[in-house]
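Okay, so here's the structure we're looking at.
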Amino acid sequence: MAIEIVQCGALITAALLMIIGLVALVYLDNVLKKIIGAAFIGDGVNLLIIALGYRVNGIPYIFLQNMDVNSFLGQASYPLPFALVLTSIVIGASTLAVMLALAVVLYKRNGTLSATALLNDKKLGEENNE
Amino acid sequence: MIDVNILVQNAVPLALYVFAILGAIVALMQKDLLKMAVLTSVSGFAVAAIFQVLLAPDVALTQAVVGAAIIPTLVGLSVLKTREPPVTEDVEGDS
Amino acid sequence: MDGTIFIPLMVVIPIICAVLVNLLHEHSGVTKIFGYIGAICLPIVPILAVYGNHFFGGYQPLANGGLTVALPEAANAIISGSFLELFHPAITYAFGPGQQVILFVLGLVAMCAVFISIAETKKTSGVYLYMLFMLSAALMAFVLTDDIFNLYVFFEIAALVQVGLILVSRVRGNYETGLKYMLLGEVGGSFMLLGIALILGLTGNVNISDIVMMIHTGLVNPTNPVLLFAAGMLIYGWLYATGLPPFNAIKSEIYSKGLPSGSMLLQSFSVIACISIGLVIIRIFGYLPTAQMAMLAVSVIAMILGICMAMVQDDYKRIIAYLAVGELGYIGVGLGLATPLSITAGLFQAVNELVVTSFLFIGFGLVLYKTRTSKISKLGGLVEYMPVAALLTVLAGFAMAGVPPFNVFQSKYLLCQAAIAAGIPELAVIMIILSIVTFLAFLKMAYAIFLRPKPDELEVSSASVPKTTMAVMIVFLIICLIIGLFPGLVVDKLGVLALTAFAL
Amino acid sequence: MNMYEKLVQTLKSTFGQDPEKTLVNGSKTSSIVSAELVLMASVLVAALTIRLVSPALMIVAVIGLMLLFMYVTPIMPKLYKEHNDDFNNMMFYAVLTLAIFAIVFYWGVF
């Protein structure tokens, strides 16, 4: 019983990270903070997938030469989620890099990092009213 | 008498969870963006350590590199870039 | 040699071309040659390929034999005679008649996009071609893949490439739009991954056929709340990928910020994502009425909102963009009704949508090319300057509204039949009303741009319309007419794909 | 005719910066009016499909929608203002939809 707290705690942590990310995306004004919030959502989902592959009293899924096959099959954690998370982490990092680059370009053009000033529809509205 | 082993097994993950969540919240609450960039690595590293606890050593290695080193560096670089004065040239573009 | 070797080539050839044109972008001539070769391969490979499954790495299901001997004793004891024997250990690409039609039309659209982009730029841009090829590869993989995580990976690749396509166009405000799209995409994509993760956690599988088999044979409790939650998250990801509400505003903004050749592939992404993710949802959660109701409700809202917002815009790029988003609602209705006939109709509508919306984007791209403005209130009298192109553009508009000789008429007719057969005639009524209003919107736009007297301050450039663009428009018109006159060519093959959605 | 002028006034105040100077011409007015009518008609027809869930709910919904339309007409200007390209607005609706989906699919089925 004692160790299942680990898995439950990981799931709760994942959910909290996702909620923190969503709150940051909705309530914070700074574009960089919004981007970091988006990265936290990705972290939370990754953590959830990892927690799904966890096995109580298990061992890592790496098969070494001197291991017994049967006990390995009985104890090893499920490796498929971990393989997926590796891909997911890299995708998240590259997306984050592109978003940061866009934020820097927008700052250089407009001189502000505030989302309400940058990402509004004022420009379009003015054009429509010409 | 409490078994020390079980205590450690439980306490370490719980501490890591608290670190991950608090790290995220504190990083997002910073006024100074450079501090935010540095504090992002706390959450990233805690998540990497949680991966290790959850029996995923190779994923933990990747996350430690990406989450605790690369992402804070990228964020810090972009914060430094956005401290320079903006370039105020009119950008040509089609409507 | 086995003909199924061509199945992975559909994805591999565009990726190789993308990498090559990006590496060689300094040598304009070589880039152009590689661009042409890759573009011609896109529609040809689906025709050459033989129907079947391709298992990456050759790891066939264990029931096919061969691998069982190599496994350790303990594993063999567990596996033999259980469901595990039927599972697909490798990433599987399934290729059937329906996929063949969709991929052929998609390849044709992508080929035309590459040709137009080479013809309209003086110095061929390797980076732009890279993004076109990469997006084509991702879309091909979308249709082929039978692996839900593979779908997600190509989904994210496509999202990044889409932002790239917007950034290279020099339309005002493209960087803001790119950042908005990526931030919203992070929400949509992450929660779709959450849905995939929950399904993976319950079934231990990422292969869609295996998941379907496990759910329908009772290995997994189909009414598990976590599974239902996963259905909700998958549908949320579907909404984001397709651009149905609440994402329709950003999707239409994306279309209007791209170059014409880029916009063609951007809308192809929406259409293909709609049918591929939609089919996944129908296959896995076909037993769940709530999922179908949610899909139907959102699709109907998308149709109504798309047309209404298109009527009040003044920018013709935004009008087409909103109409394109609205038309996606028809596909959603077809998928949401979840009968074999309606899914066939939805897929048919998707194939037509690929052609017709691309046709419109090129046509109005020419207007932009001649006048450098996209405000309808500033335009007029263009029929004198580009008579043939104007005629073709108006015909494209008629095709989208569903005027009889063209293909969309057939698919909308089929959709109405399917809605009545499914016992919801209200949907047929709504679809007919909205088609009429689409026609009205086009008449208004065509009158304002082409027919009414030219305003004095409007300057029309004397540059002639590029030959390639005209050729592409005529090709699209011919496709529209052929599919419109002989719908059986396409519908029969798509029906096979629709039926596989109900097979175990 | 009185209704038409009232409508044009509303449209001017929504689509123009300066209500006095902005020209809201006939074709624009007519397209907005037709959009309004299409919106009402198709939403009312779509509301009929609620009968598949429960007929009583459908009657309530249709009557409620009719009363709503009577009081909030014209809708299109409001919708146009609400349905803009502002990022905060989009994100709000995206998160709202996410919440609705989560609630409906976790608790609402079976």
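Below, read A as the first sequence line, B as the second, and so on, with proteins coming before strands; counting in each chain starts at 1. Here the structure is a predicted model, which is why all the values come from computation and not from measurement.
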Here the pair of heavy atoms bringing A38(A) nearest to L183(C) is CB-CD2, 4.3 Å
Okay, L167(C) and chain A: the region with an atom under 4.5 Å from a heavy atom over there is side chain
Interatomic distance, OG@S88(A) vs CD@E156(C), rounded to 0.5 Å, equals 8.0 Å
Counting heavy-atom pairs under 4.5 angstrom with chain C, the leader among I35(A), L96(A), I91(A) is I91(A)
Here the pair of heavy atoms bringing L198(C) nearest to L48(A) is CD2-CD2, 4.1 Å
dist L118(A):CG -> E176(C):CD (nearest 0.5 Å) comes out at 6.5 Å
One option among I41(A), N46(A), V31(A) has the most heavy-atom pairs under 4.5 Å with chain C, and it is I41(A)
Answer key: most heavy-atom pairs under 4.5 Å with chain A among I196(C), L194(C), V163(C) is L194(C)
N/O donor to acceptor pairs below 3.5 angstrom from side-chain atoms of residues 227-238 of chain C, sequence neighbours left out:
{"residue": "Y236(C)", "atom": "OH", "partner": "A94(D)", "partner atom": "O", "Å": "2.8"}
{"residue": "W238(C)", "atom": "NE1", "partner": "C274(C)", "partner atom": "O", "Å": "2.9"}

For L102(A) and G178(C) the tightest heavy-atom approach is CD1-C, 3.9 Å
Look at atom CZ of F56(C) and say whether more than 12 heavy atoms of other residues, nucleotides or ligands are closer to it than 6.0 Å. yes
Under 4.5 Å to a heavy atom of chain C? For T87(A) that would be side chain
L52(A) and A197(C) have their tightest heavy-atom pair at CD1-O, 3.1 Å
Residues 161-185 of chain C vs ring-ring contact (aromatic ring centres under 6.0 Å, His included), sequence neighbours excluded, gives Y181(C)-Y240(C)
message: Show, in sequence, the C-alpha distance, side-chain angles and deciding distance for L80(A) and F149(C), and conclude whether the side chain to side chain contact (heavy atoms under 4.5 Å, CB included) test is met.
response: CA-CA 11 Å; L80(A) 183 58; F149(C) 190 75; over 6 Å; no
Of the listed L160(C), L202(C), L193(C), V187(C), the one with the largest count of heavy-atom pairs under 4.5 Å with chain A is L193(C)
Closest non-hydrogen atoms of S190(C) and V45(A), given as atom of the first, atom of the second and distance, are O-CG2, 3.7 Å
Residues M99(A) and L179(C): closest non-hydrogen pair is O-CD1, 3.9 Å
In this structure, NZ of K34(A) is separated from CD of E186(C) (nearest 0.5 Å) by 13.5 Å
